[in-house]
Structure formats: structure tokens, C-alpha cells
Amino acid sequence: MILHKTNRPPILPLTLDNVSFEAKGMRLIKDMTCTFEAARRTVIIGPNGAGKSLFLRLCHGLLEPASGTVRWSGPGAKSGNGIKRQQAMVFQRPVMLRRSVADNVGYALKYQTISKEERRDIVQTVLQRTGLQGRAQQPARILSGGEQQRLALARAWAISPEIMFLDEPTANLDPSATHAVEEIIQAIHDSGTRIVMTSHDLGQARRMADDVMFMHRGRMLEHAPADQFFEAPQNDLAQAFIRGELLWWKRGKAKTENSDQRNRNI
Amino acid sequence: MILHKTNRPPILPLTLDNVSFEAKGMRLIKDMTCTFEAARRTVIIGPNGAGKSLFLRLCHGLLEPASGTVRWSGPGAKSGNGIKRQQAMVFQRPVMLRRSVADNVGYALKYQTISKEERRDIVQTVLQRTGLQGRAQQPARILSGGEQQRLALARAWAISPEIMFLDEPTANLDPSATHAVEEIIQAIHDSGTRIVMTSHDLGQARRMADDVMFMHRGRMLEHAPADQFFEAPQNDLAQAFIRGELLWWKRGKAKTENSDQRNRNI
Amino acid sequence: MTDFSAAIGSALSLVIGFDPVLVEIIGLSLYVSLTAVLFAAIIGLPLGAAVALFSFPGRTVITVLLNALMGLPPVVVGLVVYLLLSRAGPFGVLGLLFSPTAMIIAQTVLITPIIAALTRQVIEDLWAEYEDLLRSFGAGPLRALPTLIWDGRFSLVTAVLAGFGRASAEVGAVMIVGGNIDHVTRVMTTAIALEVSKGDLALALGLGIVLILLSVGINGAVFVVRRMAEQRYG
Amino acid sequence: MTDFSAAIGSALSLVIGFDPVLVEIIGLSLYVSLTAVLFAAIIGLPLGAAVALFSFPGRTVITVLLNALMGLPPVVVGLVVYLLLSRAGPFGVLGLLFSPTAMIIAQTVLITPIIAALTRQVIEDLWAEYEDLLRSFGAGPLRALPTLIWDGRFSLVTAVLAGFGRASAEVGAVMIVGGNIDHVTRVMTTAIALEVSKGDLALALGLGIVLILLSVGINGAVFVVRRMAEQRYG
Amino acid sequence: WATDNAPFITVASTTSTKNSGLYDYLLPHFTSETGIEVRVLAVGTGQAIRVAKSGDADVLLVHHKKSELAFVAGGYGVERFDVMYNDFVIVGPKTDPAAIKGITDVSVALNQIASSGTPFTSRGDDSGTHKKELSLWAEAGIDVVSQSGAWYRETGSGMGATLNTASGMNAYALTDRSTWLKFANKGDLAILVEGDERMFNPYGIILVNPERHAHIKAELGQRFVDWIISAPAQALINAYTINGVQAFFASAAAS
Ligand SMILES: Nc1ncnc2c1ncn2[C@@H]1O[C@H](COP(=O)(O)OP(=O)(O)OP(=O)(O)O)[C@@H](O)[C@H]1O
Ligand SMILES: Nc1ncnc2c1ncn2[C@@H]1O[C@H](COP(=O)(O)OP(=O)(O)OP(=O)(O)O)[C@@H](O)[C@H]1O
Ligand SMILES: [Mg+2]
Ligand SMILES: [Mg+2]
């Protein structure tokens with residue numbers, strides 16, 4: 001599953017130190033501290049609006065933290081600018097360039113130093129593996145929602161990143177497509193890529209995670225090895241989440257008294 | 001859960017007779033024949049691109065069939081134009097009007113004959129039940145994806161339709177929100193509304209369905225009571241789908257030979 | 001260069017001095033262009049919306065025509081209106097030539113395609129987004145129209161503003177049908193043209209600066225209002 | 001009414017007769033306006049894109065200004081260019097006044113804001129959609145620019161077309177800086193103005209019809225090409 | 001534009017007359033005497049005649065006698081009256097490359113301009129001034145049509161615009177004196193040739209024929225015609241000066 005060999009030195013590990021993020025005067029991410037080392041798969045779970053997507057964007061360098069630092073400390077990070085070329089991200093709502101399906105993948109490869117022939121091979125391989133080969137010459141923007149999500153995965157995969165961020169990569173897929181995508185992510189991981197993904201599908205989290213991060217209201221409330229987390233989460237909100245309880249739903253009714261109290265305890 | 005009493009005569013049952021639909025020269029829905037009577041919940045399942053959303057649109061009257069007829073044969077359908085007022089639909093990708101959350105619900109009610117005070121009460125009730133009360137005065141378009149989906153549900157619910165079409169109403173929701181939305185749909189159904197919905201979540205289909213329709217490549221391959229369907233689907237493709245097999249994924253590799261053969265058998 | 005400083009000086013003294021003649025001319029300019037914008041909006045908004053919402057034979061042709069007519073030459077418009085309103089023309093009995101009314105008619109013809117073409121784009125985009133939902137509520141294009149106009153109001157204001165900008169800046173049409181008659185049909189642009197023909201370039205430029213400031217002011221005000229409203233209604 | 005039939009007659013005979021004077025005038029019109037559009041695009045496209053992509057102090061002001069200057073009065077533009085190029089002006093030594101070059105300069109000034117303002121809108125919308133993805137690939141605004149221009153090319157063509165429409169239809173600026181000199185700086189619109197002042201309205205109208213047909217033709221051609229390309233690339 | 005209800009007439013005239021400032025000086029007298037407002041439409045002579053023919057003006061006041069007589073002969077006007085005259089002058093750069101300064105024979109001067117090849121800006125718009133200029137070239141025996149676009153520049157625009165062009169390119173031009181006196185953008189130009197009686201510029205006034213156009217305000221228009229050729233008005237014309245120079249010379253038969 002290694003698409004092309006790079007002899008670039010690694011940029012991992014990635015360290016977030018006390019990172020917070022603000023927009024429109026609200027603190028949306030609060031005091032995040034964690035380290036991502038190579039060779040693991042992390043799945044981030046949490047209710048809608050917890051800040052999972054914002055967190056991935058902060059890690060990937062698309063957002064600037066309001067305070068704290070996001071630092072890559074591997075030997076490859078020294079050079080500076082090239083850091084982005086060794087990461088990839090699959091967004092929750094995929095962005096399709098106004099080009100053909102094949103050119104969408106080819107475009108991503110332009111930012112890498114890869115020969116033309118190699119590029120063609122890679123495009124063909126990833127499209128085939130994501131079931132898009134028959135649509136290679138179609139405009140990407142008329143693909144169905146599920147197909148777009150698979151193209152986004154193919155595009156990220158093509159550049160053989162050292163670390164890949166995936167934001168709910170199977171949200172629009174039917175069960176069998178979900179299964180196939182999980183297999184592909186597994187294969188990408190097997191080839192040495194660090195996986196950081198979010199999911200609302202707890203079954204998927206169980207299947208995919210080496211470790212689980214639970215987020216709520218912009219904070220990471222628990223970060224634990226997967227089996228340990230799913231057996232017995234330490235945090236009471238995480239426990240409630242796993243049990244399927246509504247963490248925010250009744251805010252309107254209950255006037256937030258419950259959740260506010262809880263927040264103060266954290 | 002009845003929000004306002006209507007003494008309109010019912011428009012159900014709905015009968016589709018040999019309906020097909022075409023776009024850009026492709027037949028996307030083929031030979032659909034079925035009847036929806038009152039008081040049941042139908043869940044439509046099938047792989048991405050099967051035509052589930054198109055089918056709901058045909059039923060709701062948003063698309064014109066290329067051949068065949070879509071007919072409402074209840075006494076209330078005689079009058080003609082008012083048919084739409086007794087149906088509602090929640091779209092797969094919710095459309096938010098450029099108004100506040102409350103006004104989005106209020107707008108839907110303008111097409112009904114309801115007094116102003118009653119309208120205010122209904123808006124308040126549905127927003128409370130969908131956990132959006134605290135956001136009533138916010139612009140609808142800055143809601144998060146999950147919140148938008150709940151608002152769409154609230155909006156459809158507000159008009160107390162005789163039949164409600166829901167296109168993957170929980171695709172963007174976290175597990176607990178999914179659970180809450182399922183409860184609301186159940187309550188809507190309990191008040192006498194016919195439910196027709198699609199879902200990629202087989203667990204949800206099991207929980208919600210009185211009967212299941214399985215679609216593949218624009219055709220309805222099976223329509224059966226839910227317990228019967230999930231125990232032993234008659235159609236071989238439905239069996240494969242339930243088992244989580246890829247019905248279309250490997251087209252690129254296998255050059256469609258398999259699936260084409262199957263199609264001929266149907 | 002002295003011309004420029006003289007121009008800025010005369011612009012300043014015109015504005016600060018609150019010259020009554022200038023006030024009269026600015027008043028007539030605003031009256032003519034705003035009235036023309038009003039009529040053009042009354043015609044152009046529904047016309048653009050109709051082309052956006054309804055499908056009928058020749059729709060593509062009308063779309064192309066509206067786009068092309070955005071660049072209608074003012075002189076030609078002036079000429080056509082002149083021929084229509086002249087005593088020898090079909091509407092001659094009305095005796096409208098060389099009156100503010102004639103200028104309003106000419107500017108209305110000039111900017112209606114602009115407003116209609118931009119409206120078509122706005123309403124078409126919005127309808128693409130809303131169509132399913134509004135049809136689901138039971139509304140066809142006709143019933144949807146007020147909603148579309150209301151929800152697209154910020155973009156439609158820009159369309160109307162573009163029309164106003166064009167109307168207030170053009171000289172070709174109002175010169176022919178208005179005749180630039182002192183105290184009757186003299187507006188900013190014809191006054192500028194007159195000063196140019198008198199060779200008083202500094203005064204002409206001063207008037208030009210006033211005209212541009214007027215346009216910048218109106219655009220700025222609308223921009224601020226739009227920003228504020230957008231932030232409120234998303 | 002006889003005027004209109006005479007006008008259509010003279011338009012027809014002008015076009016069919018392939019009148020050499022008309023050919024010369026149309027040729028100069030196209031040369032001047034197309035060259036102006038070329039320069040305005042060279043300035044306006046990057047300018048609009050820069051305002052869209054980079055944040056710097058005064059960005060909002062420039063946005064409002066560009067929008068307001070879309071309605072720049074041609075007479076004022078002509079006047080300013082005249083003062084700059086006249087013998088007494090700073091660029092007088094170049095001897096450019098009353099040459100096609102002067103007309104190109106004036107029209108370039110007139111339509112650069114139009115192209116820049118529309119470009120800003122197009123690029124801003126596209127960047128809003130692409131930003132995350134392109135930044136994820138490691139591209140900043142600068143590196144993203146060619147991609148944005150390429151992917152927005154259909155809308156940008158419309159922007160450029162709007163500029164062309166304005167340039168080819170205006171008379172105020174070219175009249176002042178070109179002087180409407182026969183065989184040297186006479187273009188369609190100044191020729192129409194001249195025929196009007198001579199009282200030969202039928203010929204003026206005929207020329208006007210030719211001008212409008214030219215504009216409709218160009219818009220129609222671009223529309224067809226755009227439709228076809230959009231269907232291919234989505 | 002407040003005087004909506006006051007009686008008014010429309011006078012089609014030329015830009016040069018209007019720009020001389022004569023109307024601003026003269027008309028308030030008429031209006032205060034009679035209560036009639038006069039709206040002056042200042043356009044090219046060709047367009048003015050055209051406007052009057054269509055019946056869009058009540059009175060025509062221009063300066064091309066031949067066209068005026070044809071206008072009356074065609075039944076468009078009632079009768080032509082002399083009003084006044086002024087004269088044309090040749091202006092040009094003070095450096096005077098054709099060395100025409102002080103020459104009193106306009107044909108000689110024009111010949112020298114032609115042979116020097118210095119730019120000459122012509123109105124080229126079929127106006128009274130343009131027609132006058134063409135007849136002067138013809139008398140001087142010079143074929144300017146063949147030179148169009150070379151040193152002979154037909155601007156196809158009004159007097160002011162033509163002077164702006166001349167000033168911008170340091171060219172020679174023929175202009176009526178009153179426009180020149182009022183003209184502000186003289187630049188490096190000055191009067192070089194004047195005084196030849198062939199450069200005489202007579203103005204005439206004609207009431208548009210109400211038999212052709214029923215709506216013509218014949219009575220009001222006639223009062224204006226009668227007034228302008230009356231002795232007091234003629235005296236006012238003679239008294240009008242620009243920069244201390246008499247601009248027009250009354251010539252009505254009555255005075
Ligand atoms: N630019 C912004 N301005 C204001 N609020 C924002 C902005 N971006 C995100 N938010 C808010 O921050 C919160 C976290 O957003 P985020 O998208 O990270 O949630 P999430 O955990 O990914 O949720 P989901 O499960 O729905 O994807 C949400 O409440 C969202 O409305
Ligand atoms: N207007 C259209 N023109 C061409 N093809 C279309 C059009 N609308 C839908 N399709 C195609 O029809 C097929 C069925 O679409 P539909 O949206 O009904 O699928 P679905 O079963 O709802 O899939 P999903 O599970 O992804 O929601 C898809 O392949 C889609 O690309
Ligand atoms: Mg998210
Ligand atoms: Mg669907």
C-alpha cells in the first residue's frame with residue numbers, strides 16, 4: 001500500500017501544548033494538551049459541536065491557536081515549510097475542484113515532487129481502490145455525496161502522507177461502502193501512516209481505534225487506550241455519552257443547569 | 001403530540017403505478033409500483049445512488065415521473081391543490097431559509113390556515129422538543145450541521161402532516177441525538193402521521209420500520225414487513241446488502257460483469 | 001497640475017459654499033436618477049425574476065439579450081427615446097421632450113436591463129437553493145417570488161445600486177432627450193459636459209469630484225447597512 | 001416612425017454595403033475597446049484577486065471604492081486623462097492626446113474598477129470554497145492564485161465582458177481625449193454623437209443598431225462557449 | 001425646474017451662442033417684461049434645425065443663413081429676421097509656426113497654414129461655423145477633404161470641444177469671437193487672424209410654422225421674435241461685453 005517512496009525525514013511527533021481557539025469572542029477549544037506519535041490510530045468522539053472538527057484543523061495547521069503551541073518535533077520539521085506536504089486531511093464536507101475526478105487526484109500530487117509517470121500510476125491505483133475508476137474522466141462535482149467522500153479519501157491517500165486527519169470519513173456512506181472505506185484506512189495505516197479521525201459511529205470507533213479521545217464543549221475530557229475506554233470510561237460525561245444519553249439536548253428545557261454544573265466540575 | 005387539529009379529509013392512500021424517472025437520458029427510477037396506506041412506518045434502504053432520494057421526491061410530487069402515475073386517492077385529494085399542505089418532507093441536505101430559527105418554522109406554517117396565536121404555540125413546542133429553543137432567535141444558517149437537521153425536522157413536524165417523508169434524518173447526528181430524533185419521529189407517528197423514511201443505519205431501520213423497501217439501481221427489489229425482511233430477505237442482492245457486501249464497489253475492477261448479470265435476472 | 005489643485009479647490013468651494021445652483025443641479029440629478037431607478041426596479045426586478053423562475057421558449061435568448069443590453073450605448077438610448085417623444089414621433093402629443101420626464105424615461109430604458117440581468121442571476125441562484133423546500137410547502141414560482149425577493153434583498157440592493165451608478169454617471173442619453181436646459185433639465189453630468197465645452201475644466205472637474213463623492217457615499221452607506229444586516233440575518 | 005424604418009434601412013445598407021468608412025470606424029472601436037479591456041484585465045484581475053485573497057488595512061475601503069467606481073462618470077475620466085495628457089499636463093511631452101492611445105488609456109481607467117470589483121467577488125467566493133483544501137495541500141493565497149483564476153475562468157470572462165460592454169458603449173471619455181477626429185480617433189459612439197448633432201438621426205440610429213448587434217453577438221458567442229464548457233467541466 | 005406652471009417657450013439655438021453667455025444676460029430682461037420663460041436648447045446647428053423641423057422647439061435662432069432660408073422656404077418657419085452678427089477669428093499657438101499673425105486676408109492665412117502642415121482643428125459637424133469654415137477653405141483654393149486625418153483634423157464636435165482639442169494639440173482653429181472670449185481653456189492659443197469681412201457671422205431668428213405643428217406656442221414665440229428685434233433689445237445686445245469687449249453687433253432691420 002506504499003504508493004511512492006519518500007526519503008523525507010519524519011515530522012512526527014506532533015505536540016499540542018495548552019492550545020485554545022477562539023472565534024467571534026467565544027472560546028471554542030480550551031486547554032488542549034496532547035502528543036501524537038507515529039504508528040497509532042486515534043479516534044476522536046463526542047457530541048455535535050464538541051469541537052472535533054476545529055481540533056483537527058488546529059492540528060493540521062489550518063487554524064491558528066489563540067494561545068498555546070502546535071509543534072512538530074520530528075527531524076523533518078526542521079526545514080519548515082514542507083511540513084504540510086507530509087500531512088493530508090479529509091474534510092467532513094468534501095471540497096471538489098472544478099476538474100475531472102482523475103485531475104482532482106492529480107492536482108494534489110502537483111504539490112509533491114513526483115515524476116509524471118509515477119503520478120499517473122498513483123492516480124490509477126487510488127481511484128481503483130476507492131471504486132472510482134469508471135468515473136475518472138467525469139467532472140468531480142456531479143458525483144453523488146458518497147462518491148465525493150471516497151474521492152476525497154483517494155486524494156489524501158495519493159500523497160502518501162506521514163499523518164492523515166479524517167473528519168467523519170464515512171458519514172454519507174452506505175454500510176458496505178463504510179466497511180470498504182474502513183479497510184482502506186486500515187491499509188493506509190498499515191503502510192505506516194498515522195491516523196487521526198473523528199466518528200459518530202461508536203462501532204467504527206471500536207473497530208478502528210488504538211486510542212480514543214472524548215471531547216465535550218471544546219475540552220478533551222478523556223484520552224485513553226480504546227479497549228480501556230470502551231470498557232470503563234473514567235469521565236462521567238464520557239460514560240453518559242457511551243450509554244447514549246443526551247449531553248446537550250435538553251438544554252432548552254432544563255435551562256442548562258445540569259450541564260453547567262458538570263462543566264464546573266471538569 | 002397532535003399540534004393542531006385539522007378537519008381536512010385524508011389524502012392517503014398514495015399509489016405509484018409503474019413509475020419511472022429519467023434525467024440526462026438515464027433511467028434513474030424504473031417501474032416502481034407500490035401503495036402507501038395510513039398508520040405505518042416504511043424505511044427504504046439500499047446502497048448509495050440506488051435512487052432512494054429520487055423516489056421520495058417522486059412521491060412528494062417534487063419530480064414528475066417520465067412514465068406511470070403517482071396518485072393520491074383519499075377523499076381529501078379530490079380538491080386538488082391542497083394536497084401538498086398535508087404532506088411534509090425532511091431533505092437529506094437541509095435547506096435553511098435566511099431567517100431566524102423560529103421564523104423558519106413560522107414560515108412553514110404560513111402555508112397552513114392557522115391562527116397567529118396557535119402558530120406561536122406550535123413554533124415554541126416543536127423547537128423545545130428538538131432542543132432548539134435556546135437558539136430560536138439566531139439566524140438559521142449559522143447552526144451546526146446537526147442542529148440544521150433538527151430544525152428541518154421541527155419545521156416539517158410543525159405543519160402536522162398526514163404523511164411525512166424523511167431522507168436520512170439522522171445522518172449528521174451524534175448517537176444520542178440520533179436516539180432523540182428517533183423518539184420524536186416515533187411520537188409524530190403515534191399522533192397518526194404516516195412515516196416514509198430512508199436510512200443507511202440498519203439498526204435504525206430495525207428499530208423504526210413496520211415494513212422495509214430495498215432499492216438497488218433504481219428498482220425496488222423487495223418490499224416486506226420489517227421482521228420478515230431482516231430475518232430472511234428474499235432477494236439475493238438484499239441478502240448481500242444485509243450481510244454488508246459491496247454491491248457496486250468493485251465495478252471498476254470487475255468490469256461490472258457480476259452486477260450486470262444479476263440485473264438481468266431481476 | 002495646477003488644473004487639479006484648482007479643480008479640488010473649486011470642488012471644495014462648491015460643496016462648502018453650498019452653491020444654490022449646484023444644489024439645484026444635484027437635486028435634479030438625484031430626482032431623475034432615483035426616479036429612473038425606481039421605475040427600472042419596478043420593471044427589472046419582476047422581469048429578471050420571471051426569466052429566472054419560469055421556463056418558456058426563448059428564455060435563453062432573453063438571458064443573453066439582457067446580458068448584452070447591460071452595455072446599451074446611452075447615446076443610442078437617448079436617440080430612440082428622442083425619436084419616440086419628438087412631436088413628429090408617436091408619443092409627441094405628450095410634449096415630454098426636453099423635460100425631466102424624458103430624462104427619466106431614457107435612463108429607465110438604459111438601466112432596466114442592468115437591474116433585470118443582475119436580478120435574474122440573484123433569483124436564479126436563490127431558487128436553485130430554495131426550490132425543493134418551497135415546492136414542498138406547496139408554493140410554485142409565483143407564490144415563492146415574495147420570499148425570494150425578501151431573502152435575496154441584499155444582493156438585489158447591489159443590483160439596484162449598479163443601476164443607479166450607471167444612471168447617475170451617464171451623459172449621452174440625458175443630453176439628447178433633456179437638452180441640458182438651464183434650471184429645467186441640467187443635471188450633474190450635462191453640467192460637467194457644458195463646463196468642458198466652455199473650457200472651464202477646473203469647474204468641470206470639481207463637479208465631477210462632487211459626483212464621484214456622491215456615488216462613493218451612497219455605495220459606502222449601502223455597504224455598511226448590508227454588512228450589519230447580513231451579520232444579523234446570516 | 002419613418003425615422004425608425006429609415007434607421008433600419010440605413011443600418012442594413014451600412015452593414016450589407018460593407019461601407020469602408022464604417023469598417024474603419026468599427027475597426028478602430030474594436031481596437032480601442034479590446035486593447036483597453038486587455039489592459040484593464042491585466043490590472044483588474046490581479047487587483048481584484050489581491051483584494052479578495054489578502055487581508056491588509058483598508059481592505060474594506062478598497063472594496064467599497066471599487067464598487068463605487070464601477071459607476072465612474074466617463075466625462076470625468078475623460079477630463080482627468082485629458083488634463084494629464086495635455087501639453088500643459090505632466091505627461092504632455094508624450095504627445096498622446098487625441099490619439100487612439102489616449103482613448104485606450106481613458107477606457108482602461110473607466111473599466112478597470114468594473115473588472116476588479118467583479119473579479120474580487122468571483123475570487124472571494126471561490127476562495128471561500130477552496131481555501132481549506134488548498135491550504136491543506138500547502139498552498140497559500142499566492143500559490144493558489146493560478147488555480148483560482150483557472151477554476152473561476154467562466155465567471156471571470158463575464159467580468160471582462162461587462163468591462164468590454166461598458167467600454168464599447170461609452171462616449172464621454174473617448175470624445176474628450178480622442179476628439180472624434182475623422183480617420184484618426186472616430187469610433188462608433190463618437191460617430192453616432194456626431195450624426196446626432198448633424199441632425200442625421202437615421203444614420204445615427206443605424207450606427208447604433210450596428211453597435212448593439214456587435215455587443216449582442218459577442219455576448220451570445222461567449223454565452224454559448226461558456227454553456228458548453230460548463231457542461232463539460234461541471 | 002420649479003417653473004412648471006409659468007408660460008415658457010423653447011428656443012433651439014447653437015452651443016456657441018449659448019456658451020457666449022448672451023442668453024444669460026439677455027433673457028432675464030424678456031422674462032421680467034413678459035413673464036415668459038425661455039428655455040434654450042443649445043445643440044449643433046444641424047440638430048437645432050432638425051429639432052425645429054420636428055416641432056420640438058418654438059423658435060429657431062442660429063447662424064447659417066442659407067439653411068435658415070431653406071428652412072423658411074420649406075414651410076417649416078414663418079419668416080427669418082436678422083438679429084445680430086459677430087465675427088469669426090482664427091486662433092492658433094502663440095509660437096505661430098505658419099506665421100499668420102496679423103494677416104488680414106483670410107485666404108492667405110489659410111494657405112500658409114496648409115503649406116506649413118501645422119494641425120488645424122475643424123468642427124467637422126455640419127454646423128454653421130463648420131459650413132462657414134469650409135467655404136473659406138474653398139475660396140482659398142485648398143482641398144481639405146484630402147487632408148482629413150493628416151494636418152486637417154475634423155473633430156466632429158461642438159465649438160468648445162473643438163477649442164479644447166486645439167488647445168490640447170496646439171493647433172489652429174476657426175471660432176466665433178464670442179465663444180473664444182468666454183472660453184477658459186485657452187492654453188497657449190491666441191487670436192492671430194481677424195477683421196476680414198468674409199468672416200462675418202450673421203444670426204437669424206425664425207418662428208416655427210404653427211401651420212405645420214398645431215402645438216407650437218405661436219403667440220408667445222412671436223412675442224419673443226418681436227421683442228428681440230425691437231430697439232430696446234437690440235440696444236441690450238450692443239451693450240453686452242465679454243471681458244470688456246463687445247461680443248455681438250445688433251443688426252435687426254427695425255433698429
Ligand atoms: N467560525 C466559527 N465561528 C463561530 N463558531 C464556530 C465557528 N466554527 C465553529 N464554530 C462552533 O464551534 C463549535 C464546534 O464546532 P466543530 O465543527 O468543531 O464541531 P464538531 O465537534 O466537529 O461537531 P460535528 O459532530 O457536528 O461535526 C460548534 O458549536 C460550532 O458552531
Ligand atoms: N438530476 C440528475 N441528473 C443526473 N443524475 C442524477 C440526477 N439526480 C440524481 N441522479 C443520479 O441518480 C442516482 C440516484 O440518486 P439518489 O440521490 O436518489 O440516490 P440515493 O439512493 O438517495 O443515494 P444516497 O444513499 O447517497 O442518498 C445517483 O446515481 C445520482 O447520481
Ligand atoms: Mg465536525
Ligand atoms: Mg439520498
Side-chain angles (χ1 to χ4, degrees), chain C residues 1-4 7 60-61 63-65 67-80 82-84 86 88-90 158 161-162 164-172 175-176 188-190 192-193 196 201-202 204-205 207-209 211-212 215-220 222-224 227, chain D residues 1-4 7 60-61 63-65 67-80 82-84 86 88-90 158 161-162 164-172 175-176 188-190 192-193 195-196 201 204-205 207-209 211-212 215-220 222-224 227:
Chain C
M1 282 289 86
T2 54
D3 275 313
F4 284 105
T60 308
V61 173
T63 305
V64 172
L65 262 184
N67 280 332
L69 294 186
M70 286 210 281
L72 214 50
V75 186
V76 177
V77 171
L79 198 55
V80 170
Y82 172 92
L83 289 174
L84 293 175
S86 150
T158 305
L161 220 57
F164 176 77
R166 186 73 190 275
S168 63
E170 76 86 27
V171 64
M175 186 64 105
I176 293 178
M188 291 293 286
T189 54
T190 59
I192 293 171
V196 171
L201 304 190
L205 202 54
L207 286 167
I209 291 170
L211 180 56
I212 292 175
S215 157
V216 171
I218 290 178
N219 269 279
V222 171
F223 182 88
V224 169
R227 262 287 161 86
Chain D
M1 282 291 86
T2 54
D3 274 314
F4 283 106
T60 308
V61 173
T63 304
V64 173
L65 262 185
N67 280 332
L69 295 185
M70 288 212 280
L72 213 50
V75 185
V76 177
V77 171
L79 201 54
V80 170
Y82 174 93
L83 289 174
L84 292 176
S86 94
T158 305
L161 221 57
F164 175 77
R166 187 72 190 276
S168 62
E170 76 84 29
V171 65
M175 186 65 105
I176 294 178
M188 294 290 289
T189 53
T190 59
I192 294 170
E195 295 308 329
V196 170
L201 303 191
L205 203 53
L207 285 168
I209 291 171
L211 180 56
I212 291 175
S215 158
V216 171
I218 290 178
N219 269 276
V222 171
F223 182 87
V224 169
R227 263 288 161 85

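We name chains A, B, ... by the order of the sequence lines, and we start the count at 1 in each one.
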List the atom of S215(C), the atom of A68(D), and the distance in Å for their closest heavy-atom pair. OG-O, 3.4 Å
Counting only non-hydrogen atoms closer than 4.5 Å, does I176(D) touch chain C with its backbone (N, CA, C, O), its side chain (CB onward), both, or neither? side chain
Find the distance between CG (L65(C)) and CG (N219(D)) and round it off to the nearest 0.5 Å. 9.5 Å
Which region of L72(C), side chain (C-beta onward) or backbone (N, CA, C, O), has a non-hydrogen atom less than 4.5 Å from a non-hydrogen atom of chain D, or is it both or neither? both
Compare every heavy atom of A169(C) with every heavy atom of G71(D), then report the nearest pair and how far apart it is. O-CB, 3.2 Å
Please look at Y82(D) and chain C and tell me whether the side chain, the backbone, both or neither of the residue comes under 4.5 angstrom of a heavy atom of that chain. side chain
Measure I218(C) against the heavy atoms of chain D and call it side chain, backbone, both or neither at under 4.5 Å. neither
At a heavy-atom separation under 4.5 Å, does V80(C) approach chain D through its side chain, its backbone, both, or neither? both
Would you say V171(C) and P74(D) make side-chain contact, with heavy atoms under 4.5 Å? no
At a heavy-atom distance under 4.5 Å, which candidate from T189(C), V196(C), T63(C) has the highest pair count against chain D? V196(C)
Heavy-atom distances under 4.5 Å only: say whether V216(D) touches chain C with side chain, backbone, both or neither. both
Do R166(D) and M70(C) make a side-chain contact, defined as non-hydrogen atoms from C-beta onward lying under 4.5 Å apart? no
Provide the closest heavy-atom pair for P73(D) versus I212(C) in the form atom of the first, atom of the second, distance. CD-CG1, 3.8 Å
Give me the atom names and distance for the closest heavy-atom approach of L79(C) to L205(D). CD2-N, 3.5 Å
